[in-house]
2 protein chains.
Amino acid sequence: MRFSEKKIATILRQHGYKFTPQRRIVIQTVASSQDHLTAAAIYERVHQEHPNIGLVTIYRTLDILAKLGLICELHAGGSCRSYTTGASEHHHHLICSNCGKVIDFSGYDLSQLEQRLSLETGFDIEDHLLEFIGLCQACQKEVR
Amino acid sequence: MRFSEKKIATILRQHGYKFTPQRRIVIQTVASSQDHLTAAAIYERVHQEHPNIGLVTIYRTLDILAKLGLICELHAGGSCRSYTTGASEHHHHLICSNCGKVIDFSGYDLSQLEQRLSLETGFDIEDHLLEFIGLCQACQKEVR
DNA sequence: TATTAAATGATAATAATTTTCAATTACAAC
DNA sequence: GTTGTAATTGAAAATTATTATCATTTAATA
């Protein structure tokens, strides 16, 4: 993952947030998986070891981490967000519309387009989202 | 808008869907606005003139139209989809994270990247989503 | 015009997320 | 190290967004 735990703690504090044990655990959980996890999935995992940590705390922590850019938020087709630190360098997604599998890819640069848009519209662009949606190989067979 | 009402009716029928008065009204409503509208917003507008059309019908119609590519679905930050026919040519979005304003832009071609990803991963890519998130000019002032 | 599969509206159900609030806790200042 | 304070927590309830169910109606072919 891109940021050490210590670094994350510092960034949190710099923004007036506390670095609580609960938050540490959420961060570790997200970091320990390669996949994108939904809040519910993270909760499940956390809950096994720490049954007293509530789902709401998960939501709140993910919100903050995403806002600070420490984890990456994905808005796949449905109405459910998921999160990863994975290779938390900036990357993009390829999502299977059937099984929900996510493949990350990077190395595609959008900064020129971003600059153009910024100039044309006066927007202060903070982030972007590039996602391709399709069928993974396994699901291509399954669906026919 | 890109498709005439007649064309849409034909496409619906070709896919085994009926072209009902309710659907016609939903289509007209979406087409009559430049903005991206949520299902709820569309319902509100429809409801004024046609109080007997239910929200569920709106959802169902939007689903079908989006599936057939007749309208464009947007997954902005929150957990809420919105729809537009606007300049229903393929386009991308610039979204204000504060007020939700959406600016469409087009003329950016991703087909080469799409082809590369398709080859590399074996995915059958059906669609993509490119969204920039930031603050519009008005909100930049407001936020500070 | 009759037939039939698809669509509708109402209601209920589910899913995802947010709010509220009293109790607790991290951490900066002393 | 103690302390004060603002931030955080967990539980429960509330909202929001969306989907399923089902009896009734209707569009579109034959």
Side-chain angles (χ1 to χ4, degrees), chain A residues 5-6 8-27 29 36-44 46-68 70-71 73-83 97 100, chain B residues 5-6 8-27 29 36-44 46-68 70-71 73-83 97 100:
Chain A
E5 201 167 293
K6 207 172 162 191
I8 291 181
T10 306
I11 294 177
L12 280 174
R13 291 203 194 92
Q14 279 174 350
H15 288 82
Y17 298 110
K18 293 177 181 174
F19 185 65
T20 65
Q22 291 90 335
R23 284 181 184 166
R24 192 164 47 75
I25 289 161
V26 171
I27 290 164
T29 305
H36 277 262
L37 301 176
T38 62
I42 293 165
Y43 175 68
E44 253 182 65
V46 165
H47 194 75
Q48 287 176 16
E49 295 285 314
H50 308 274
N52 40 347
I53 295 183
L55 178 57
V56 190
T57 299
I58 311 276
Y59 271 106
R60 283 188 284 225
T61 302
L62 293 173
D63 258 18
I64 293 169
L65 293 174
K67 199 169 293 171
L68 296 180
L70 299 173
I71 60 176
E73 193 179 271
L74 170 78
H75 305 273
S79 55
C80 181
R81 307 171 204 166
S82 67
Y83 300 85
S97 59
Chain B
E5 202 167 289
K6 205 171 165 192
I8 291 182
T10 306
I11 294 177
L12 280 174
R13 292 202 193 92
Q14 278 172 351
H15 287 82
Y17 298 110
K18 293 175 178 174
F19 186 65
T20 65
Q22 290 91 333
R23 285 183 182 163
R24 190 163 50 74
I25 289 160
V26 172
I27 290 164
T29 304
H36 277 261
L37 300 176
T38 62
I42 294 165
Y43 175 69
E44 252 183 68
V46 166
H47 193 76
Q48 288 178 17
E49 295 284 315
H50 307 274
N52 40 346
I53 295 183
L55 178 56
V56 190
T57 298
I58 312 278
Y59 270 105
R60 283 189 284 227
T61 302
L62 293 173
D63 258 18
I64 293 169
L65 294 174
K67 199 169 295 170
L68 296 180
L70 299 172
I71 59 176
E73 192 180 86
L74 168 78
H75 305 273
S79 54
C80 183
R81 307 171 203 165
S82 66
Y83 302 84
S97 59

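Here is the naming used below: chain letters follow the sequence lines, and residue numbers restart at 1 for every chain.
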(message) So, taking the atom named CD1 in B:I8 and the one named CG in B:L68, what distance separates them when rounded to the nearest 0.5 Å?
(response)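 Nearest 0.5 Å value for the CD1-CG distance: 10.0 Å.
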(message) So, taking the atom named CG in A:L65 and the one named CG in A:L12, what distance separates them when rounded to the nearest 0.5 Å?
(response)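 Rounded to the nearest 0.5 Å, the CG-CG separation comes out at 6.0 Å.
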(request) Have a look at the helix from C:dT1-D:dA30 to C:dC30-D:dG1 and give the angle its two end axes make, five pairs each, rounded to 10 degrees. (result)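 The end axes of the helix from C:dT1-D:dA30 to C:dC30-D:dG1 are about 50° apart, to the nearest 10°.
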What is the distance, to the nearest angstrom, from the [atom1] atom on [X] to the [atom2] atom on [N]?
X	N	atom1	atom2	result
B:L55	C:dA13	CG	P	18 Å
B:R81	C:dA16	CZ	P	11 Å
A:E73	C:dA16	CD	P	15 Å
A:Q14	D:dA7	CD	P	17 Å
B:R24	C:dA7	CZ	C1'	15 Å
A:H15	D:dA7	NE2	P	15 Å
A:E44	C:dA16	CD	P	12 Å
A:N52	D:dA11	CG	C1'	13 Å

(request) Identify, residue by residue, the members of residues 57-65 of chain A with a heavy atom below 4.0 Å from DNA chain C, and return them in order of residue number, or none. (result)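 A:Y59, A:R60, in order of number.
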(request) Using the test side-chain contact (heavy atoms from CB on, under 4.5 Å), find all partners of A:T20 that sit at least two apart in sequence or belong to another chain. (result)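 Residues passing side-chain contact (heavy atoms from CB on, under 4.5 Å) with A:T20: A:K18, A:Q22, A:R23.
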(message) If the condition is side-chain contact (heavy atoms from CB on, under 4.5 Å), which residues does B:Q14 pass it with, not counting sequence neighbours?
(response)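 If we apply the side-chain contact (heavy atoms from CB on, under 4.5 Å) test to B:Q14, skipping adjacent residues, the hits are B:T10, B:I11.
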Listed partners of [X] passing ring pair (Phe, Tyr, Trp, His ring centres under 6.0 Å), at least two apart:
X	answer
B:F19	none
A:Y59	none
A:H50	none

(message) Counting only side-chain nitrogens and oxygens, does B:R23 get under 4.0 Å of the OP1 or OP2 atom of C:dA7?
(response)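 So the side-chain polar atoms of B:R23 do come within 4.0 Å of the phosphate oxygens OP1 or OP2 of C:dA7, strictly under.
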Nucleotide N/O of nucleotides 1-3 of chain D paired with protein N/O under 3.5 Å:
none

(message) With heavy-atom distances below 4.5 Å as the criterion, would you say the side chains of A:K67 and A:I64 are in contact?
(response)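 A:K67 does not reach A:I64 side chain to side chain.
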(message) With heavy-atom distances below 4.5 Å as the criterion, would you say the side chains of A:H47 and A:I53 are in contact?
(response)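 Contact flag for A:H47/A:I53 side chains = no.
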(request) Could you point out which residue of B:V26, B:T38, B:L37, B:I25 forms a side-chain contact (heavy atoms from CB on, under 4.5 Å) with B:I58? (result)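 For B:I58, the side-chain contact (heavy atoms from CB on, under 4.5 Å) check succeeds only for B:V26.
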(request) Kindly write out the residues that satisfy side chain to side chain donor-acceptor pair (under 3.5 Å) with B:Y17, not counting sequence neighbours, or none if the list is empty. (result)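 B:Y17 satisfies side chain to side chain donor-acceptor pair (under 3.5 Å) with no residue once adjacent residues are dropped.
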(request) Could you tell me which non-hydrogen atom of B:A66 sits nearest to which non-hydrogen atom of B:Y83, and how far apart they are? (result)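 The answer is CB-CE2, 4.1 Å.
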(message) side chain to side chain contact (heavy atoms under 4.5 Å, CB included) for B:E44 and B:L55? Distances and angles first, verdict last.
(response) CA-CA 9 Å; B:E44 252 183 68; B:L55 178 56; over 6 Å; no
Pairs under 3.5 Å (N/O, protein and nucleotides 26-28 of chain D):
{"from": "D:dT26", "atom 1": "O2", "to": "B:K18", "atom 2": "NZ", "distance (Å)": "3.4"}
{"from": "D:dA27", "atom 1": "N3", "to": "B:K18", "atom 2": "NZ", "distance (Å)": "3.2"}
{"from": "D:dA28", "atom 1": "OP1", "to": "B:R13", "atom 2": "NE", "distance (Å)": "2.5"}
{"from": "D:dA28", "atom 1": "OP1", "to": "B:R13", "atom 2": "NH2", "distance (Å)": "3.2"}
{"from": "D:dA28", "atom 1": "OP1", "to": "B:F19", "atom 2": "N", "distance (Å)": "3.0"}

